[in-house]
There are 2 protein chains.
Amino acid sequence: MRVPKKERQRLLGELLEQNPFLTDEELAEHFSVSVQTIRLDRLECGIPELRERLKTVATRTMYEEVKSLQSDEVIGDIIDIELDQRAISLLDVTEDHVFQRNGIARGHHLFAQANSLAVAVMNDDLALTVKSNIHFVKPVKAGSRVIARAEVKEEQSTGKRTIVEVVSTVNDETVFTGEFTMYRMTERKQEDSK
Amino acid sequence: MRVPKKERQRLLGELLEQNPFLTDEELAEHFSVSVQTIRLDRLECGIPELRERLKTVATRTMYEEVKSLQSDEVIGDIIDIELDQRAISLLDVTEDHVFQRNGIARGHHLFAQANSLAVAVMNDDLALTVKSNIHFVKPVKAGSRVIARAEVKEEQSTGKRTIVEVVSTVNDETVFTGEFTMYRMTERKQEDSK
DNA sequence: CTGTTACTAGTACCAAGTGCTAATCCGGAA
DNA sequence: TTCCGGATTAGCACTTGGTACTAGTAACAG
């Protein structure tokens with residue numbers, strides 16, 4: 001016996017996890033067993049065939065693409081918005097957002113949430129950030145739910161420049177504040193209520 | 001003739017673009033033609049069969065997973081670095097980084113490049129951004145290569161606070177500037193050469 | 001009436017399997 | 001030693017979703 005059956009099946013699982021493209025024949029060669037043995041192993045472990053594996057991987061891709069397309073527009077989920085006035089978005093910080101070493105969210109994710117919210121709240125197709133002044137008040141850990149509140153400062157806004165203030169909190173504690181100076185491409189309308 | 005051939009082939013392409021999972025049989029039904037006609041259409045248009053389509057989609061996934069993992073650590077490629085002094089990184093702006101409507105790079109990508117470079121240049125395992133003051137000087141279009149230069153401002157740094165200035169350019173033209181106040185978790189060492 | 005184009009139909013074949021039956025091998029217990 | 005059982009291997013029929021190729025039909029154009 002080259003490798004005990006149980007061990008082989010464990011390895012088989014791992015192998016396919018990180019490379020789902022292997023055929024039974026290739027696997028058989030890799031473990032120096034017959035193709036039939038590999039089939040039995042897959043059967044016992046409930047591992048689907050190559051074509052099914054590719055299908056699920058491909059499905060995941062399509063899903064992620066949709067997700068990333070959406071998130072390309074706004075980082076976080078907008079849960080409330082009044083154009084030209086205020087908006088709120090929500091971002092769940094996952095392991096993907098943090099430094100591995102200390103579990104603290106990387107600054108640019110908080111910035112991205114705030115900045116894209118500032119863009120979204122502007123009632124303009126072509127709003128751009130000109131400058132911004134930001135403060136990372138308190139580190140944010142993985143697992144936190146960050147709520148960003150954006151408010152348009154009408155009084156400080158002039159012509160094509162608009163000031164948006166964003167405050168992000170976790171459990172009502174401020175973790176981030178930012179003042180964004182936005183540039184709107186189309187001239188300010190007096191009142192845009194249709 | 002249900003739908004003129006050319007039109008059908010165009011639709012076929014679009015359809016498969018956004019749903020590569022359709023079999024010839026399903027497509028034949030959808031267009032009310034025979035399976036053979038679909039095959040001919042695919043042949044003429046150079047559209048591969050279902051299994052090949054899934055394979056490429058799945059491959060893309062695997063690739064993107066690697067990419068997004070890498071980009072978690074540093075946004076852009078660091079091409080030069082002297083710890084505690086200066087660093088340079090390079091970011092190629094693709095369609096993924098820009099607003100669809102005007103092709104201008106979203107601010108948070110430039111910020112992310114600059115911020116992660118500021119973190120990287122700090123000779124500290126646990127550096128965090130405390131605040132920053134940034135300026136988007138000039139819009140960046142897709143296809144641009146952004147070079148970010150970070151410089152540690154020794155003279156303005158005190159204790160655990162360090163100032164890092166980042167200037168990003170495209171073709172020697174400044175597009176972004178930022179001043180990052182960083183917090184280092186371990187106390188400043190006098191000289192760390194070695 | 002003859003082409004040409006578009007479409008349809010049918011066959012042989014392939015890859016990568018499933019499902020099933022039937023050997024064969026090998027180690028340990030009676 | 002012999003027999004049993006789990007592990008392994010082999011072989012065959014069948015399935016999907018195709019390719020490659022041949023052949024036939026329908027419609028319309030010149």
Side-chain angles (χ1 to χ4, degrees), chain A residues 1-70, chain B residues 1-69 95:
Chain A
M1 216 179 287
R2 293 133 274 235
V3 178
K5 180 176 167 175
K6 273 193 74 176
E7 175 70 359
R8 187 188 57 226
Q9 295 192 342
R10 199 181 55 73
L11 290 171
L12 184 71
E14 281 182 21
L15 199 58
L16 289 179
E17 187 99 13
Q18 52 117 220
N19 182 6
F21 296 82
L22 298 167
T23 65
D24 287 359
E25 211 163 79
E26 290 166 329
L27 292 165
E29 197 159 344
H30 179 268
F31 288 109
S32 306
V33 294
S34 71
V35 173
Q36 280 75 4
T37 302
I38 294 294
R39 311 245 222 247
L40 284 175
D41 285 350
R42 284 209 347 272
L43 198 72
E44 285 181 32
C45 300
I47 297 170
E49 61 167 296
L50 170 68
R51 264 130 23 180
E52 289 307 311
R53 293 195 301 266
L54 292 190
K55 218 180 280 179
T56 59
V57 173
T59 308
R60 202 172 63 217
T61 308
M62 302 307 283
Y63 174 73
E64 308 243 313
E65 258 167 33
V66 170
K67 224 180 59 179
S68 79
L69 254 178
Q70 289 171 341
Chain B
M1 217 178 284
R2 293 132 275 231
V3 177
K5 180 176 166 175
K6 272 193 77 176
E7 175 70 358
R8 187 189 56 226
Q9 296 192 339
R10 199 181 55 73
L11 290 171
L12 184 71
E14 281 181 23
L15 199 56
L16 289 179
E17 187 99 14
Q18 52 120 217
N19 181 5
F21 296 81
L22 298 167
T23 64
D24 287 358
E25 211 164 81
E26 290 167 328
L27 292 165
E29 196 158 343
H30 179 267
F31 287 108
S32 305
V33 294
S34 70
V35 173
Q36 280 74 5
T37 302
I38 295 294
R39 309 246 222 248
L40 284 175
D41 284 350
R42 283 212 344 275
L43 198 71
E44 285 180 33
C45 302
I47 298 171
E49 61 167 296
L50 169 69
R51 268 143 2 194
E52 290 307 311
R53 294 195 300 267
L54 293 191
K55 216 179 284 178
T56 59
V57 172
T59 308
R60 205 169 58 219
T61 309
M62 305 311 280
Y63 175 73
E64 307 245 313
E65 262 165 31
V66 171
K67 219 180 62 177
S68 75
L69 257 177
E95 291 299 327

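Here is how names work: the chains are called A, B, and so on, in the same order as the sequence lines, proteins then strands, and each is numbered from 1. For clarity, every value in this text was computed on a predicted model and none was experimentally measured.
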Heavy-atom donor-acceptor pair, B:Arg51 side-chain to D:dG18 base, under 3.5 Å: no

Rounded interatomic separation in angstrom, taking CG from A:Leu22 and P from C:dG17: 10 Å

Sugar-phosphate only, base, or nothing, as touched by A:Val35 at under 4.0 Å among non-hydrogen atoms: nothing

Rounded distance (nearest 0.5 Å) linking atom OG of B:Ser32 with atom CG of B:Leu27: 12.0 Å

Whole-Å gap separating P (C:dG17) and CD (A:Glu26): 9 Å

Contact list for residues 11-20 of chain B, test salt bridge (charged side-chain N to carboxylate O under 4.0 Å, His left out), sequence neighbours left out: B:Arg10-B:Glu14

Euclidean distance, A:Arg51 CZ relative to B:Leu54 CG, rounded to 0.5 Å: 11.0 Å

Value in whole Å for how far the P atom of D:dA7 lies from NZ of A:Lys6: 11 Å

A:Leu12 CG to D:dA7 C1', straight-line distance once rounded to whole Å: 16 Å

Distance (rounded to the nearest 0.5 Å) between B:Ile38 CD1 and B:His30 NE2: 9.5 Å

Phosphate OP1/OP2 of C:dA6 contacted by B:Arg8 side-chain N/O (<4.0 Å): no

Between D:dG17 (P) and A:Lys55 (NZ): distance, integer Å: 7 Å

For atom CD of B:Glu25 and atom C1' of D:dT16, their distance in whole Å: 10 Å

Closest heavy-atom pair and its distance - A:Lys55, A:Thr59: O-OG1, 2.6 Å

Shortest non-hydrogen contact between A:Met62 and B:Val57, atoms and distance: SD-CG1, 4.0 Å

Members of residues 36-49 of chain A that approach DNA chain C, where some heavy atom sits under 4.0 Å away: A:Arg39, A:Arg42, A:Glu49

Separation of C:dG27 C1' from A:Lys5 NZ (nearest whole Å): 15 Å

Selection from D:dG17, D:dT9, C:dA9 that lies nearest to any side-chain heavy atom of A:Ser34: D:dT9

Salt-bridge criterion met for B:Glu44 and B:Lys5 (N-O under 4.0 Å): yes

Interatomic distance where CG belongs to B:Leu54 and P belongs to C:dA15 [whole Å]: 19 Å

